[in-house]
Undergrad: 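One structure, pasted below without further comment.
Throughout, a chain's letter reflects where its sequence line sits, starting with A, and its residues are numbered from 1.
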Amino acid sequence: MPPILSRDFYLHPPDVVAGQLLGKLLVRRYKTGQGSSTKAIRLAGRIVEVEAYFGLDDPAAHTFVGKTARNAVLFGPPGFAYVYFIYGMHFCLNISCEPEGQAGSLLLRALEPVEGLETMAQLRGLPSDAAPRLLTSGPGRLCQALDIRRETHNGIDVTSARSGLHVEDDGFVSGQIEVTPRVGISKAAERPLRFSLAGNRFVSR
DNA sequence: GGAGCGATGTCCT
DNA sequence: GGACATCGCTCCG
């Protein structure tokens with residue numbers, strides 16, 4: 001089994017960790033089937049697009065207003081999942097970074113699906129032969145494809161194998177990294193904090 | 001393949 | 001009450 005990224009990996013500023021996270025595998029353990037025929041499978045995708053959010057200094061970040069009930073996870077230690085509900089129907093997944101007390105985070109925006117594509121399609125409400133691009137290209141899509149919800153995943157430790165959600169380094173070597181402005185925000189929209197694998201088809205639009 | 005737009009719940013002011 | 005780190009559909013080229 002490839003090594004799970006440790007807490008130290010996430011200890012650094014978000015613009016640093018974002019680039020290092022590209023090319024790693026996001027892995028979700030998932031139970032499929034029913035009754036006695038249930039079995040555990042892996043839903044996995046390679047991280048191809050990440051946005052960096054700073055804490056109190058970043059007007060676009062959820063943490064800009066200070067610590068609240070919703071964003072409390074981000075003020076905790078690095079390597080924990082922050083899952084929030086947006087636009088009345090979607091979830092987005094972040095991972096906390098920086099030392100406890102500093103609220104940097106990484107927004108996972110797109111994966112290249114690697115394991116469990118049929119189950120991902122099912123979870124997305126698509127036919128099993130759906131185009132892979134439709135599965136995990138976009139922050140809301142990847143949460144739906146991996147069945148990541150606030151109730152089940154907000155606040156879990158992604159550095160522990162027992163969480164059922166973690167990030168692995170399988171030795172993949174990233175090519176060129178592209179850095180562009182972040183997507184879908186109105187404040188600090190010009191800052192180049194969106195990191196993606198150059199030329200990868202699974203990067204969101 | 002791109003612009004426009006509606007759906008929809010939660011959070012914070 | 002308004003804004004929102006989105007998505008999928010329609011309509012148009």
Undergrad: Using atom types as modelled and distance alone, determine if a side-chain donor or acceptor of A:E98 lies under 3.5 Å from a backbone N or O of A:P13.
TA: no

Undergrad: Within the 4.5 Å heavy-atom criterion, are A:I148 and A:F91 side-chain neighbours or not?
TA: no

Undergrad: Reading DNA chain B from 5' onward, which residue's closest nucleotide shows up sooner: A:R150 or A:M89?
TA: A:M89

Undergrad: Between A:L126 and A:K187, who's closer to the 5' end of DNA chain C by nearest nucleotide?
TA: A:K187

Undergrad: 5'-most contact on DNA chain B: A:R205 or A:H90, nearest heavy atom basis?
TA: A:R205

Undergrad: Mind checking whether A:F85 and A:H90 have ring centres under 6.0 Å apart?
TA: no

Undergrad: Which string of ( ) [ ] | and . matches DNA chain B, if you list each base 5' to 3' and count Watson-Crick or G-U pairs only when both distances are under 3.5 Å?
TA: |||||||.||||.

Undergrad: So what does A:R182 hit on the nucleic acid, given a heavy-atom distance under 4.0 Å: a base, only sugar-phosphate, or nothing?
TA: nothing

Undergrad: Are more than 12 heavy atoms, taken from residues, nucleotides or ligands other than A:Q34, located less than 6.0 Å from that residue's CD atom?
TA: no

Undergrad: Before accepting this row, confirm whether a basic side-chain N of the pair A:R46/A:E112 lies closer than 4.0 Å to the acidic partner's carboxylate O.
TA: no

Undergrad: Measure from CG on A:N154 to P on B:dT10 and round the result to the nearest Å.
TA: 14 Å

Undergrad: Without decimals, in angstroms, what is the distance between A:Y84 OH and B:dT8 P?
TA: 20 Å

Undergrad: Tell me whether A:S204 contacts the main-chain N or O of A:A110 through its side chain, where contact means a donor paired with an acceptor under 3.5 Å.
TA: no

Undergrad: Below 4.0 Å from chain A heavy atoms, what is the first contacting nucleotide of DNA chain C and what is the last?
TA: C:dC4 to C:dG8

Undergrad: Between B:dC12, B:dT10, B:dT8, which one does the side chain of A:F85 approach most closely?
TA: B:dT10

Undergrad: Does the A:T38 side chain pair with the main chain of A:T32, one donor and one acceptor, at a distance under 3.5 Å?
TA: yes

Undergrad: NE2 of A:H62 versus C1' of B:dT10: gap in Å, rounded?
TA: 11 Å

Undergrad: Answer with base, sugar-phosphate or nothing: what part of the nucleic acid does A:R124 contact at a heavy-atom distance below 4.0 Å?
TA: sugar-phosphate

Undergrad: For A:L134, does its backbone N or O pair with a side-chain atom of A:S137 as donor and acceptor, under 3.5 Å?
TA: no

Undergrad: A:G88 or A:G138: which one's nearest nucleotide on DNA chain C is closer to the 5' end?
TA: A:G88

Undergrad: What is the distance from CZ of A:R133 to C1' of B:dG1, rounded to the nearest Å?
TA: 12 Å

Undergrad: Counting the benzene-type ring for Trp, do A:Y84 and A:Y82 have ring centres under 6.0 Å apart?
TA: yes

